[in-house]
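Okay, structure first, notes after.
Throughout, a chain's letter reflects where its sequence line sits, starting with A, and its residues are numbered from 1. Computed from a predicted structure; not experimentally measured.
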Amino acid sequence: MSENCKKPYYITTAIAYTSGKPHIGNTYEIVLADSIARFKRLEGYEVFFQTGTDEHGQKIELKASEANITPKEYVDRVAEQIKSIWDLMNTSYDKFIRTTDSDHEKQVQKIFRRLYEQGDIYKGYYEGMYCTPCESFFTSSQLVDGKCPDCGRECVPAKEEAYFFKMSKYAQKLIDHINAHPEFIQPESRKNEMMNNFLLPGLQDLCVSRTSFQWGIPVDFDEKHVIYVWIDALSNYITGIGYDCDNNSTKQFKTLWPADLHLIGKDILRFHTIYWPIMLMALDLPLPKQIFGHPWLLQTDSSSKEAEGVKMSKSRGNVIYADKLVELFGVDAVRYFVLHEMPFENDGVISWELITERFNSDLANTLGNLVKRTISMSNQYFGGIVEQTEVKEEIDEELILIAEQVAQKTVAKIEQLKVADAITEIFALFKRCNKYIDETMPWKLAKEESLKPRLAQVLYNLTEGICIGASLLAPFMPETSEKILSQMNSKARTIDELHEFGKFVSGTKVAENPEALFIRLDPKKILEQVKEKNEEKIKEKIEEKKETEINLERKPEITYEDFSKLQFQVGEIIACEEVKKSKKLLCSKVKIGSEIKQIVSGIKAWYKPEDMVGKKVMVLVNLKPATLAGIVSEGMLLCAEDENGKLALMTPENDMPSGAEIC
RNA sequence: GGCGAAGUAGCUCAGUUGGCUAGAGCAUACGGUUCAUACCCGUAGUGUCGAGGGUUCAAAUCCCCCCUUCGCUACCA
């Protein structure tokens, strides 16, 4: 393939939101994308790999004002931090786009205007309950006990002039596209979720502007509006490579678009498989070829059972940061671990024991030791010279066959985005090399001068096998690959040079004192170090807890008259059972004075029915009855709620009779 | 509640359209070897393939029902 007719390959990650430091879960995505990008380069594609940051929105505006700096200063800081972690992970992105880049901003304005002018965007009103931290509107039916269904915080009623995107107009076209291209959404199981939950029931129009904050790209023909995240963030995939909606797109755009792969977390699949394709349709652009919603890396923490299989998130305080891992294990080990341990469809598990185990067995034993023993034999027996002598034996053939096939096997796995399996293929070669050493027993050959030529060939075969493996390893563990090849005094090869065994230059002298690639770790010591860190973390958590305060946005003032409309009484729970049809509801019989009311409440997660019975609780008794999950509820049990959404029933401090008025 | 996924050796998982004594890696035990980072190679396993029923000459694999877990979604006064 000549230089100028290389096939393009355009891959992107989601852009990271600059509200804080990214954890290992975010980092997984960039490493995954990087390994695919590097692999495609190895295959001879002209790869363009784009990542970046999503830097607008109210949350950032808030954080910046808390820190007493401008939003731009704030995002500059975080973007730099994110970039430095991407660099720490040795990722080879070609472009780091920021949504505050001026060319991006300009283009987004033009896109918005065009969609408005062609009638896909119209002006309307958004009415509903608004959650400030989440920057989201909800219908009152979506709220959980009047709180935000995402974060559990207070919502306020709001009405906002806003622009809407007519999603429904393109829905059928998108359904047809998804049906015609089964590979479009990966893994395929996600396709059903999108179809069944959103597309088939009918798409709602999407609100694409906000007036409640300023930190965003203004709508240029209606300055009080700011373009909301969808059009702003998603467009990065085209603005980053030079799209222009007045038909002045760059050559780069024309070459690269449509993207070959959008790599994203499974949580934002909906935006990428529904809103983004529809936006593209409206712009009359082809759709990306594939969108892969990768699973999560879940952390199991040996020191606390409850943390098992819990998604990492800052609010849960169970975050493992990439730099800490790198400190303990090194970049390539972390890359290896996240790539190897992450399955294709289900969530992967990360724990200190697992990392240490993999590190020792795969990296130190299988790979590191193989390289070391091979090189040391070459030095011991031949002064470091690795030479072909053509003294071949049948026993060589299996090794050679595996070595010659490993490249194409790996290519096939990457084709399916099965990166973990690709790595396993490469390690199968290293394992075969170790076995080959036992089969040929070089130390025995070394004892007889007449067998030296055979010994030389054996070591050549090993060296060549290792070099093939190391070349293929480059996309996944770039530094290790380079180290091995440099110890072998050899060069990285392209895929095409890996199908044939014997390209290692005969007569090459290998390193005299090769450095061990991975030193075995003592799992006990690692666990001790982790324990120390955990204890620190727990202390921090406790301190944090002490300081936790919940501040709600004030609702409008009410009069005593308003208040007196509400009637609260003490009720005694005399019976309680689960509402079978629902996941969150308990149905209680509450005795209020002589009256017995049936009340349904969303507290199943915190209270067992048997624990409810006998409790005296605070009841709002004159609330209009409503039907929940088919059951009539005639009031409301009052609860306090913490920052994690945990509920606690309100009970009188001293025993009070059932029916006592609360005033 | 709707839609979907999963439940296989101690652990992480493979098991194509049903077919011979159910597999891999790690961990475990034993044996071999010594070039090497207590390493490598070999052997050995253990499994009511979530429970029950059915179809079949034959089911981990198909059908029914149930249990458990998970994902998306709805409801959640």
Side-chain angles (χ1 to χ4, degrees), chain A residues 140-147 149 187-198 200-201 266-267 269-270 293 295-296 298 300 309 311 340-341 343 345-349 351 353-354 356-358 360-381 420-421 424 427-428 430-446 455 458-459 462 514-521 523 579-586 599-605 619-620 622-639:
Chain A
S140 34
S141 68
Q142 281 177 307
L143 300 183
V144 180
D145 298 332
K147 307 281 168 60
E188 215 183 320
S189 57
R190 299 280 156 194
K191 187 177 103 179
N192 300 325
E193 290 181 3
M194 296 306 133
M195 278 288 200
N196 295 337
N197 292 320
F198 302 105
L200 298 179
K266 64 182 186 182
D267 56 331
L269 212 72
R270 172 166 148 196
W296 294 113
L298 303 181
T300 57
K311 184 179 156 187
H340 182 262
E341 224 50 35
E345 194 150 346
N346 303 108
D347 289 334
V349 174
S351 76
E353 288 95 332
L354 276 173
T356 313
E357 199 178 289
R358 286 259 92 88
N360 284 341
S361 76
D362 297 358
L363 300 182
N365 295 353
T366 302
L367 176 58
N369 187 49
L370 169 68
V371 174
K372 183 84 179 282
R373 68 198 295 212
T374 302
I375 292 179
S376 85
M377 282 191 281
S378 287
N379 278 304
Q380 236 167 291
Y381 305 139
D421 294 351
T424 303
F427 272 72
F430 294 135
K431 287 189 177 188
R432 191 63 189 77
C433 287
N434 273 322
K435 194 172 163 185
Y436 180 75
I437 295 179
D438 266 52
E439 287 169 346
T440 53
M441 292 186 281
W443 50 92
K444 276 197 178 166
L445 300 174
L455 175 59
V458 165
L459 289 175
L462 276 171
E515 169 205 357
L517 297 170
F518 301 96
I519 312 283
R520 282 178 62 84
L521 300 169
V579 177
K580 294 223 166 119
K581 282 183 182 174
S582 139
K583 286 178 193 164
K584 299 185 183 173
L585 302 182
L586 291 183
I599 297 177
V600 178
S601 1
I603 53 175
K604 196 159 154 181
V619 186
L620 174 58
N622 62 337
L623 190 64
K624 186 180 172 189
T627 307
L628 300 176
I631 297 177
V632 177
S633 181
E634 306 167 303
M636 182 170 174
L637 303 185
L638 298 185
C639 289

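- Figure legend. rG45(B) is base-paired to no nucleotide; pairs are counted as Watson-Crick or G-U wobble with both atom distances under 3.5 Å.
- Val371(A) comes within 4.0 angstrom of nothing in the nucleic acid, heavy atoms only.
- Atom P of rC57(B) sits at a distance of 15 Å from the matching atom of rG18(B), rounded to the whole Å.
- When both pairing distances are held under 3.5 Å, rA58(B) makes no Watson-Crick or G-U pair with any nucleotide shown.
- Residue Ile375(A) is out of contact with every strand shown, counting any heavy-atom pair closer than 4.0 Å.
- Between Glu193(A) atom CD and rU73(B) atom C1' the separation is 9 Å, expressed in whole Å.
- To the nearest whole angstrom, the two P atoms, one in rG47(B) and one in rC40(B), are 28 Å apart.
- For Met441(A) and rC35(B), the CE to C1' distance is 13 Å, given to the nearest whole Å.
- In terms of heavy-atom proximity, Leu269(A) sits nearest to Arg190(A) at CD2-CB, 3.2 Å.
- Take the nearest nucleotide of RNA chain B for Arg358(A) and for Val600(A): the residue whose nucleotide is more 5' is Arg358(A).
- For rU73(B), one of the phosphate oxygens OP1 or OP2 lies less than 4.0 angstrom from a side-chain nitrogen or oxygen of Arg270(A).
- The interatomic distance linking Asp421(A) (CG) with rG15(B) (P) rounds to 9 Å, in whole Å.
- In this structure, the CG atom of Asn365(A) is 16 Å from the C1' atom of rU34(B), given to the nearest Å.
- Rounded to a whole Å, the CG atom of Asp362(A) is 16 Å from the P atom of rU12(B).
- Among the nucleotides rG42(B), rC35(B), rC72(B), the one closest to any side-chain atom of Lys435(A) is rG42(B).
- Here CD1 of Ile437(A) is found 4.0 Å from OG1 of Thr374(A). Values are rounded to the nearest 0.5 Å.
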Verdict with reasoning, Asn197(A) to Arg270(A), per side chain to side chain contact (heavy atoms under 4.5 Å, CB included): CA-CA 10 Å; Asn197(A) 292 320; Arg270(A) 172 166 148 196; over 6 Å; no

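- The two atoms that bring Gly293(A) and Pro187(A) nearest to each other are O-CD, 3.4 Å, heavy atoms only.
- Taking the P atoms as reference points, rA36(B) lies 24 Å from rU28(B), given to the whole Å.
- Using a 4.0 Å heavy-atom cutoff across all strands shown, Thr424(A) reaches no nucleic acid atom at all.
- Of the listed residues (Leu363(A), Asp421(A), Asp362(A)), just one forms a side-chain contact (heavy atoms from CB on, under 4.5 Å) with His340(A), and that residue is Asp362(A).
- Under the Watson-Crick and G-U wobble criteria, each requiring two contacts below 3.5 Å, nucleotide rU16(B) is left unpaired.
- If you take atom C1' in rA58(B) and the same atom in rU33(B), they sit 45 Å apart, rounded to whole Å.
- When the C1' atom is used for both rG45(B) and rA29(B), the distance is 9 Å, rounded to whole Å.
- Comparing Ser361(A) and Tyr436(A) along RNA chain B, the residue whose closest nucleotide (by nearest heavy atom) sits nearer the 5' end is Ser361(A).
- Between the side chain of Ser361(A) and the backbone N or O of Thr366(A), no donor-acceptor pair lies under 3.5 Å.
- OP1 or OP2 of rC26(B) lies within a sub-4.0 Å distance of a side-chain N or O belonging to Lys431(A).
- Taking side-chain N and O atoms only, Lys372(A) has a distance below 4.0 Å to OP1 or OP2 of rU37(B).
- Taking atom C1' in both rC75(B) and rU8(B), one finds a spacing of 36 Å when rounded to whole Å.
- In this model, a side-chain donor or acceptor of Asp438(A) finds a partner on the base of rG32(B) within 3.5 Å.
- The gap from the P atom of rA6(B) to that of rU16(B) amounts to 12 Å, rounded to the nearest Å.
- Evaluation of atom-type donor-acceptor distances gives a pair under 3.5 Å for the side chain of Asn197(A) against the base of rG2(B).
- At a threshold of 4.0 angstrom between heavy atoms, the contacts of Phe518(A) include nucleobase atoms, whether or not backbone atoms are also involved.
- Closest to the side chain of Asn434(A), out of rC72(B), rC40(B), rA36(B), is rC40(B).
- Rounded to a whole Å, the CG atom of Leu462(A) is 14 Å from the C1' atom of rC41(B).
- Residue Lys372(A) comes nearest to Pro514(A) through the heavy atom pair CE-O, 3.9 Å, listed as atom of the first residue, atom of the second, then distance.
- What separates CG of Leu363(A) from P of rA36(B) is a distance of 21 Å, to the nearest Å.
- Nucleotides rC65(B) and rG25(B) have their P atoms positioned 39 Å apart, rounded to a whole Å.
- Under the Watson-Crick or G-U wobble criterion, with both distances below 3.5 Å, rA9(B) is left unpaired in every strand shown.
- In terms of heavy-atom proximity, Ala446(A) sits nearest to Tyr381(A) at CB-CE2, 3.4 Å.
- Within the shown strands, rC70(B) is the pairing partner of rG4(B) under the Watson-Crick or G-U definition, both distances less than 3.5 Å.
- Gln380(A) has its CD atom 13 Å from the P atom of rU34(B), to the nearest Å.
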